[in-house]
> 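Take a look at this one; I'll ask things after.
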Amino acid sequence: MKTLWTPWRMEHILGTAPKASGCLFEPPGTMAQDKAHLLLCRDALTVVLLNRFPYANGHLLLAPRRHLADLTDLAPDENYRLMTMLAACCTILRRHLHPDGINIGLNLGTVAGAGIADHLHFHLVPRWQDDHNFMTVCAEIRTIPQHIERTFDMLAPDFLALPPSSAP
């Protein structure tokens, strides 16, 4: 039997993870990338993070830089950049992780399932045929085959190579 270790998830499972101050989608500083915050890309209009508590390996979060709750609050340039960044995220995930599919989700409002309802964000979850096993069904635990820091290191160069957006 092989052991699959996902130790970074235990604090989340037990509900003991420290509460972060501020907004997850507004990491401190001005750097384009920050491994400590799992920030893969920050440009003038968007931010891309690895989800610290992923549903699957490579689970990304994409948000506008501005703190907005709804799609209807986006300016046209923000909307355009989010969609182009969404496509770029899919390309990068496919290049490195070779998923059979990608779930892309956006929950608007707490009732719709948004855990952070006041800052619009997309979830990109790579999926593979038969990727979840009995652990998820029987024990309500997901197994992630690659450490999150290794996933960051694999994806980070591609995000740095993306053409920058510019604010109006």
Side-chain angles (χ1 to χ4, degrees), residues 1-13 17 20 23-27 29 31-65 71 78-108 112-116 119-165:
M1 174 186 292
K2 293 183 179 183
T3 302
L4 301 174
W5 296 97
T6 57
W8 63 89
R9 289 193 47 79
M10 205 61 212
E11 289 180 329
H12 179 66
I13 292 166
C23 179
L24 166 71
F25 303 108
E26 300 170 44
M31 294 180 1
Q33 236 175 41
D34 182 352
K35 189 172 182 177
H37 291 98
L38 300 178
L39 173 65
L40 285 163
C41 182
R42 174 176 21 211
D43 64 24
L45 297 173
T46 60
V47 60
V48 180
L49 301 137
L50 269 170
N51 189 335
R52 190 168 300 277
F53 305 107
Y55 293 123
N57 192 49
H59 182 164
L60 300 180
L61 302 169
L62 166 64
R65 286 280 302 266
L71 283 169
E78 292 169 315
N79 195 3
Y80 176 79
R81 183 59 179 178
L82 275 172
M83 291 302 106
T84 57
M85 187 59 84
L86 193 61
C89 289
C90 289
T91 298
I92 292 168
L93 288 172
R94 287 182 180 122
R95 181 180 302 135
H96 291 284
L97 299 176
H98 311 287
D100 297 315
I102 300 172
N103 290 121
I104 298 173
L106 169 66
N107 301 321
L108 295 177
I116 302 172
H119 199 140
L120 167 76
H121 60 283
F122 290 90
H123 289 258
L124 291 90
V125 182
R127 299 300 304 267
W128 296 266
Q129 186 66 40
D130 302 322
D131 61 347
H132 291 297
N133 58 28
F134 73 95
M135 293 289 287
T136 303
V137 176
C138 296
E140 296 185 12
I141 295 174
R142 296 195 194 279
T143 56
I144 310 296
Q146 185 177 58
H147 194 282
I148 198 164
E149 290 180 5
R150 183 154 182 227
T151 304
F152 182 95
D153 291 340
M154 179 180 16
L155 301 178
D158 287 51
F159 281 97
L160 281 180
L162 291 175
S165 69

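Computed from a predicted structure; not experimentally measured.
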> Would you say that Pro64 contacts Leu120 through its side chain, given a criterion of any heavy-atom pair below 4.5 Å between the two side chains?
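Side chain of Pro64 against side chain of Leu120, heavy atoms only: contact under 4.5 Å found.
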> Please enumerate all residues that pass salt bridge (Lys or Arg N to Asp or Glu O under 4.0 Å) together with Arg95, with sequence neighbours excluded.
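Arg95 satisfies salt bridge (Lys or Arg N to Asp or Glu O under 4.0 Å) with Asp158 once adjacent residues are dropped.
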> Got Asn51 and His123 here, is their nearest side-chain heavy-atom distance under 4.5 Å?
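The answer is yes, as the side chains (C-beta and beyond) meet within the 4.5 Å cut-off.
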> The criterion is side-chain contact (heavy atoms from CB on, under 4.5 Å); which residues satisfy it with Ala63, sequence neighbours excluded?
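Scan of Ala63 (side-chain contact (heavy atoms from CB on, under 4.5 Å), adjacent residues dropped) gives Phe25, Val47, His119, His121.
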> Under 4.5 Å between any side-chain heavy atoms of Phe152 and Gln33, yes or no?
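They are in contact (side-chain heavy atoms under 4.5 Å apart), so the answer is yes.
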> Between the main-chain N or O of Arg42 and the side-chain N or O of Thr46, is there a donor-acceptor pair closer than 3.5 Å?
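No, Thr46 side chain to Arg42 backbone: no donor-acceptor pair under 3.5 Å.
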> Which atoms form the tightest heavy-atom contact between Pro126 and Asn57, and what is the distance?
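Shortest heavy-atom separation between Pro126 and Asn57 comes out as CG-O, 3.3 Å.
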> If every non-hydrogen atom of Leu62 is compared with every non-hydrogen atom of Leu82, which pair is closest and at what distance?
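Taking every non-hydrogen atom into account, CD2-O, 3.6 Å.
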> Considering residues at least two apart in sequence or located in another chain, which fulfil the salt bridge (Lys or Arg N to Asp or Glu O under 4.0 Å) criterion with Arg81?
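Once residues adjacent in sequence are excluded, the partners of Arg81 under the salt bridge (Lys or Arg N to Asp or Glu O under 4.0 Å) criterion are Asp43.
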> Do side-chain atoms of His59 reach the backbone of Tyr55 as a donor and acceptor pair under 3.5 angstrom?
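A pair under 3.5 Å: yes.
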> Quick one: CZ on Arg127 to CG on Asn103, what's the gap to the nearest 0.5 Å?
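With rounding to 0.5 Å, CZ (Arg127) is 5.0 Å from CG (Asn103).
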> List in chain and number order the residues that pass side-chain contact (heavy atoms from CB on, under 4.5 Å) with Cys89, two or more places apart in sequence or in another chain; answer none if no residue qualifies.
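side-chain contact (heavy atoms from CB on, under 4.5 Å) list for Cys89, sorted by chain: Val48, Leu60, Met85, Leu124, Phe159.
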> Any idea which heavy atoms bring Ile148 and Leu50 closest together, and the distance?
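It is O-CD1, 3.7 Å.
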> Which heavy-atom pair separates Cys90 from Ile104 by the least distance, and what is that distance?
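Taking Cys90 first and Ile104 second, the nearest heavy atoms are SG-CD1, 3.8 Å.
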> Taking side chain as C-beta onward, heavy atoms only, is Met154 less than 4.5 Å from Leu97?
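With C-beta onward as the side chain, the pair touches.
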> Just how far is it from atom CZ of Phe122 to atom CG of Leu71, taken to the nearest 0.5 Å?
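It comes to 5.5 Å.
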> Any chance you could measure Leu39, atom CG, to Glu26, atom CD, to the nearest 0.5 Å?
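Separation between the atoms: 12.0 Å.
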> Taking only residues two or more places apart in sequence or in another chain, which ones pass side chain to side chain donor-acceptor pair (under 3.5 Å) with Asp34?
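In terms of side chain to side chain donor-acceptor pair (under 3.5 Å), with neighbours along the sequence ignored, Asp34 is linked to His37.
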> Looking at Trp128 and His98, would you say the former's side chain and the latter's main chain have a donor-acceptor pair under 3.5 Å?
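Yes, Trp128 side chain to His98 backbone: donor-acceptor pair under 3.5 Å.
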> What pairs with Asp153 under side-chain contact (heavy atoms from CB on, under 4.5 Å), at least two apart in sequence or on another chain?
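side-chain contact (heavy atoms from CB on, under 4.5 Å) list for Asp153, sorted by chain: Lys35.
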